[in-house]
Chemist: 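Next up is a structure, given as structure tokens.
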Amino acid sequence: MALRVVALAGGVGGSKLAHGLAEILPPDHLTVIVNTGDDFEHLGLTICPDLDTMIYTLAGLANPQTGWGRKDETWGFLETIETLGGPTWFQLGDRDLALHHERSRRLKEGQSLTEVTQHVCQTLGISITLLPMSDDPVRTIVITDKGELAFQNYFVARRCAPCVRGFRFTGVETAIPAPGVIQALSKADLVVLCPSNPWVSLDPILAVKGIRDAVSEKSVVGVSPIVGGKAIKGPAAKMYSELGFRPSSLSVAEHFQDLLAGMVIDKKDQHLASDIQALNIRVLVTNTIMKNEQDRMGLGEEVLAFASAMMV
Ligand code: FO1
């Protein structure tokens with residue numbers, strides 16, 4: 001009997017595991033809740049990078065080199081923006097741009113982000129349920145030695161260089177979970193915290209009213225986004241260091257200690273297993289680096305088997 005799973009995810013790493021789970025679970029047994037704290041207005045468009053990275057990954061359209069944006073892309077729009085003296089710091093390909101444009105048009109017409117996401121998933125043949133964490137705007141602000149920076153300014157424009165002091169999620173005080181989020185969590189047998197940045201991909205989701213409480217009622221398994229003290233991709237390890245924590249899968253386990261029943265760590269971190277178990281968290285040590293679709297499915301299978309064994 002397949003488990004009913006809800007996965008929480010952000011950008012590239014989280015999307016890969018979500019893709020593996022989507023390949024092995026019946027479509028109606030997987031709901032993925034995606035971070036929207038990275039969203040921003042740019043060139044008059046509403047851009048949702050983590051939703052789009054998830055959509056492109058699940059649809060097999062993601063750029064394999066970067067993990068974000070689309071493969072088989074053309075760049076006529078951005079090249080022309082450059083000749084016109086417009087902003088080109090955020091790389092928008094022509095096909096990707098069409099998604100931002102159509103989403104923005106529908107949102108302006110009054111459709112919700114959930115409705116637009118469902119429509120896009122249908123057009124791309126994605127059969128699992130993909131939900132934004134909220135239809136209300138929540139924006140991650142990175143508090144740094146260079147001041148408070150909007151997320152994409154920190155992440156893309158400044159390439160994560162500023163020293164992080166903390167985070168704020170503006171709008172989270174009044175945001176409510178998107179329709180279906182709490183229902184999916186209440187029906188779930190298992191919640192998976194995908195290998196996404198704990199600070200700026202998973203914490204924003206858990207900060208939306210009611211989500212952390214709903215997750216805490218469930219069996220939760222996390223997959224560490226940090227291997228051998230480094231993030232596979234992105235600034236997670238740098239953020240841990242700058243905030244005064246040793247970047248390690250143990251720090252990630254401590255980060256979510258009150259939620260986790262189990263943690264999946266890479267073989268490189270075998271030596272940390274007992275420290276994590278001492279937090280009363282079961283540990284699975286395996287290969288967590290997903291180089292291809294086979295790895296994604298393999299890790300998905302292992303996470304589900306680990307969770308099932310934990311729940312008996
Ligand atoms: N990341 C970059 O480092 N440089 C970019 O130019 C860039 C463009 C971009 C366009 C669409 C999209 O969906 C994502 C894009 N990203 C880019 C990644 C994005 O900033 C991050 O994926 C998330 O915000 C963090 O996971």
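Remember, it's 1-based here, ligands and their atoms both numbered in the order they're listed.
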Chemist: Where does R159 meet ligand 1, judged by heavy-atom distances below 4.0 Å: at the side chain, the backbone, both, or neither?
Modeler: neither
Chemist: Could an N or O of ligand 1 be found under 3.5 Å from any N or O of T53, whether backbone or side chain?
Modeler: no
Chemist: For G11, counting its heavy atoms only, list the atoms of ligand 1 lying under 4.0 Å from any of them.
Modeler: 26 (O)
Chemist: Tell me which protein heavy atom sits closest to atom 17 (C) of ligand 1, plus the residue, atom name and distance to 0.1 Å.
Modeler: W68 CE2, 3.4 Å
Chemist: Under 6.0 Å between ring centres, would you say that holds for W68 and Y56?
Modeler: no
Chemist: Please report which non-hydrogen protein atom sits nearest to atom 26 (O) of ligand 1, along with the residue it belongs to and the distance in Å to one decimal place.
Modeler: D50 OD1, 3.1 Å
Chemist: Would D258 and R212 satisfy salt bridge (charged side-chain N to carboxylate O under 4.0 Å, His left out), going step by step from the backbone distance to the final call?
Modeler: CA-CA 10 Å; D258 58 330; R212 184 178 204 96; 3.2 Å; yes
Chemist: Could you check atom 13 (O) of ligand 1 against the protein and tell me its nearest heavy-atom contact, residue, atom and distance included?
Modeler: P49 CA, 3.4 Å
Chemist: Is a side-chain donor or acceptor of N35 paired with a backbone partner of V200 at a separation under 3.5 angstrom?
Modeler: yes
Chemist: Please write down residue, atom name and distance for the protein heavy atom closest to atom 3 (O) of ligand 1.
Modeler: V156 CG2, 3.9 Å
Chemist: Among all protein non-hydrogen atoms, which one is nearest to atom 23 (C) of ligand 1, and what is the separation to 0.1 Å?
Modeler: D38 OD2, 3.3 Å
Chemist: Ligand 1 versus D96, non-hydrogen atoms closer than 4.0 Å: side chain, backbone, both, neither?
Modeler: side chain
Chemist: So if I count the atoms of ligand 1 from 1 in the order they appear, which ones are less than 4.0 Å from some heavy atom of Q91?
Modeler: 5 (C), 6 (O), 8 (C), 9 (C), 10 (C)
Chemist: Does the pair R168/E148 count as a salt bridge with the N-to-O cut at 4.0 Å?
Modeler: yes
Chemist: With respect to atom 10 (C) of ligand 1, which of F155, W89, F90 exhibits the smallest heavy-atom separation?
Modeler: F90
Chemist: What orientation do H42 and W89 show, parallel under 30°, tilted 30 to 60°, or perpendicular over 60°?
Modeler: perpendicular
